[in-house]
Amino acid sequence: MNVLITLIIYLVIFGLIWWLVSLLPLPSPVAQIVRVLFIILLILIVLSVFGIIPGGYLPKLNI
């Protein structure tokens, strides 16, 4: 249950950052690169929360 809550918190924060970056007037090639980087970061967050890869770069949430 703690893993699920941690994942939800990380995804909400990730979504807010994605929304703020999408408001920036970026040129099309830069926006495409940013979108790919955000998708890679999303995959890394999900894999590290479930312990598939080590997530030492993510702060620990004590709930």
Side-chain angles (χ1 to χ4, degrees):
M1 189 65 174
N2 194 14
V3 172
L4 186 62
I5 293 171
T6 303
L7 180 63
I8 290 171
I9 292 171
Y10 278 128
L11 291 179
V12 167
I13 293 171
F14 180 80
L16 289 173
I17 294 172
W18 185 315
W19 175 69
L20 288 173
V21 169
S22 69
L23 293 176
L24 295 173
L26 298 173
S28 182
V30 176
Q32 188 79 14
I33 292 170
V34 169
R35 188 176 305 125
V36 169
L37 290 176
F38 267 101
I39 291 171
I40 291 170
L41 182 62
L42 177 65
I43 292 169
L44 287 176
I45 288 173
V46 171
L47 290 177
S48 65
V49 165
F50 286 113
I52 297 173
I53 60 172
Y57 56 89
L58 292 175
K60 297 294 179 192
L61 298 176
N62 296 327
I63 300 172

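One hydrophobic cluster, built from ILVMFWY side chains closer than 4.5 Å, cannot hold both Ile33 and Leu23; they sit in different ones. If you chain together hydrophobic residues whose side chains sit under 4.5 Å apart, Trp19 and Val21 never meet in one group. Put simply, Leu20 and Leu37 are part of two different groups of oily side chains (I, L, V, M, F, W, Y) that touch within less than 4.5 Å, one to the next.
Here the CG atom belonging to Leu7 is positioned 9.0 Å from the CD1 atom belonging to Ile45, to the nearest 0.5 angstrom. With rounding to the nearest 0.5 Å, the separation of CD1 in Ile40 from CZ in Arg35 is 13.0 Å. Taking CD1 of Ile8 as the start and CD1 of Ile13 as the end, the distance is 12.5 Å to the nearest 0.5 Å. The structure places CD1 of Ile43 at 11.5 Å from CD1 of Ile52, a figure rounded to the nearest 0.5 Å. Atoms CD1 and CG, on Ile9 and Leu4 in that order, are 10.0 Å from each other to the nearest 0.5 Å.
Between Phe14 and Phe38, the shortest heavy-atom contact is CZ-O, 3.0 Å.
A 4.5 Å side-chain heavy-atom check between Ile39 and Trp18 finds at least one atom pair inside the cut-off.
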